[in-house]
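Right, one structure below, let's go through it.
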There are 2 protein chains.
Amino acid sequence: MARVSKEESPCPLSILVGVLSGPWTLYIVWVLSTNGATRFGELKRRVEGISTKMLTERLRLLEQEALIYRHYEPTVPPQVTYGLTDRGKELVGILNQLNDLAQRWYGQPDVAQVGCTFVDTVETAATDAIR
Amino acid sequence: MARVSKEESPCPLSILVGVLSGPWTLYIVWVLSTNGATRFGELKRRVEGISTKMLTERLRLLEQEALIYRHYEPTVPPQVTYGLTDRGKELVGILNQLNDLAQRWYGQPDVAQVGCTFVDTVETAATDAIR
DNA sequence: TAAAGTAGAAACTTTTAAGTAACTAGCCAA
DNA sequence: TTGGCTAGTTACTTAAAAGTTTCTACTTTA
């Protein structure tokens, strides 16, 4: 997490923005919001270029903040599925607003780039990746 | 700015979150939003513990992103005043929402800490610090 | 018997960003 | 003429975070 101030206990908003600003974090949340719950390996494939270490670290953080859940299925090989919690979905709602601003300010008109749109498909896509 | 992904041109939302997540940045925006336009020295006094270097750097960045403006008055000694632009005010609106979430999730009920609330006083306080 | 797939953990290196401190210009007042 | 005010800039140091690589357990398949 990027430090936000010198203080040990930054304010709630700083905590939240700190979480979101970590590398890859928005990308991961975006994939989970458009794709629904996703397994570790698939997540790693979709978030191109991320290392397992980083992905694990980010997922742990997001889980700790209760923005995503982790579902462990002790099959062989094991299946671990990650998805947005209600908190996560609530957050995505606001992120969409923020994204609208950002698109207006920085976005080129020629369509969003891969991994760069927050769309409201959280509800509909939430279950089709577990199988 | 904390790196958000490996790519050279991250998506608009990443840019925006990247700006906000820099150290002190939210604090500075918060001061400008509650206090109205503020001069460099006063800003430095209000954002306790920040170095001139950091403050300058953050202000330059925010100015570059058109979230704040810089007004230079070539008096002796010179007076430089910083304030939120329309963009900045628009952003603060959404930050308030985000702050509401954050308060609900992380906030202790016992009042906000210093420097930790986003309130809607942008319009009313915007001019009383220039003088 | 060896390889491949899953979801990581641990050790190590490199990079980058944040902090510290000293310095500047221009004028004024004592 | 020394110091103080403002709003910075520059150079240097240090600490944290990101990246890279190698390793694991477990079972199935070839």
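The basis for the numbers below is simple: all heavy atoms, side chains too, and nothing from hydrogens, waters or symmetry mates. Naming: A, B, ... by sequence-line order, numbering from 1 per chain.
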Quick one: is [N] close enough that its OP1 or OP2 comes under 4.0 Å of any side-chain N or O from [X]?
X: A:Arg70; N: C:dG8; answer: yes
X: A:Tyr72; N: C:dT6; answer: no
X: B:Arg60; N: D:dT9; answer: yes
X: B:Trp24; N: C:dG19; answer: yes
X: B:Arg39; N: D:dA7; answer: yes

Quick one: [atom1] on [X] to [atom2] on [Y], what's the gap to the nearest 0.5 Å?
X: A:Ile28; Y: A:Leu62; atom1: CD1; atom2: CG; result: 6.0 Å
X: B:Tyr106; Y: A:Ser14; atom1: OH; atom2: OG; result: 11.5 Å
X: B:Asn99; Y: A:Cys11; atom1: CG; atom2: SG; result: 6.5 Å

Tell me: [atom1] of [X] to [atom2] of [N], nearest whole Å?
X: B:Glu73; N: C:dC27; atom1: CD; atom2: P; answer: 16 Å
X: B:Phe40; N: D:dA7; atom1: CZ; atom2: C1'; answer: 6 Å
X: B:Glu57; N: C:dA18; atom1: CD; atom2: C1'; answer: 8 Å
X: B:His71; N: D:dG8; atom1: NE2; atom2: P; answer: 13 Å
X: B:Met54; N: D:dT14; atom1: CE; atom2: C1'; answer: 14 Å
X: B:Arg45; N: D:dA7; atom1: CZ; atom2: C1'; answer: 12 Å
X: B:Leu55; N: C:dA17; atom1: CG; atom2: P; answer: 19 Å
X: A:Leu59; N: C:dA9; atom1: CG; atom2: C1'; answer: 15 Å

Exercise. Across the strands shown, which category fits B:Lys53 at heavy-atom distances under 4.0 angstrom: base, sugar-phosphate, nothing?
Worked result: base

For this session: Counting heavy atoms from C-beta on, name the nucleotide in D:dA18, C:dA18, D:dT20 closest to the side chain of A:Arg58.
Result: D:dA18

Problem set entry | 5' priority, DNA chain D, between B:Tyr82 and A:Thr52 [closest heavy atom] | B:Tyr82

For this session: Map A:Pro78 and A:Ser51 onto DNA chain D by nearest heavy atom, then report which one ends up closer to the 5' terminus.
Result: A:Ser51

Exercise. Does a salt bridge link A:Glu65 with A:Arg60, judged by any charged N lying under 4.0 Å from a carboxylate O?
Worked result: no

Exercise. With the 4.5 Å side-chain cut-off for hydrophobic clustering, are A:Val76 and A:Val80 part of the same group?
Worked result: no

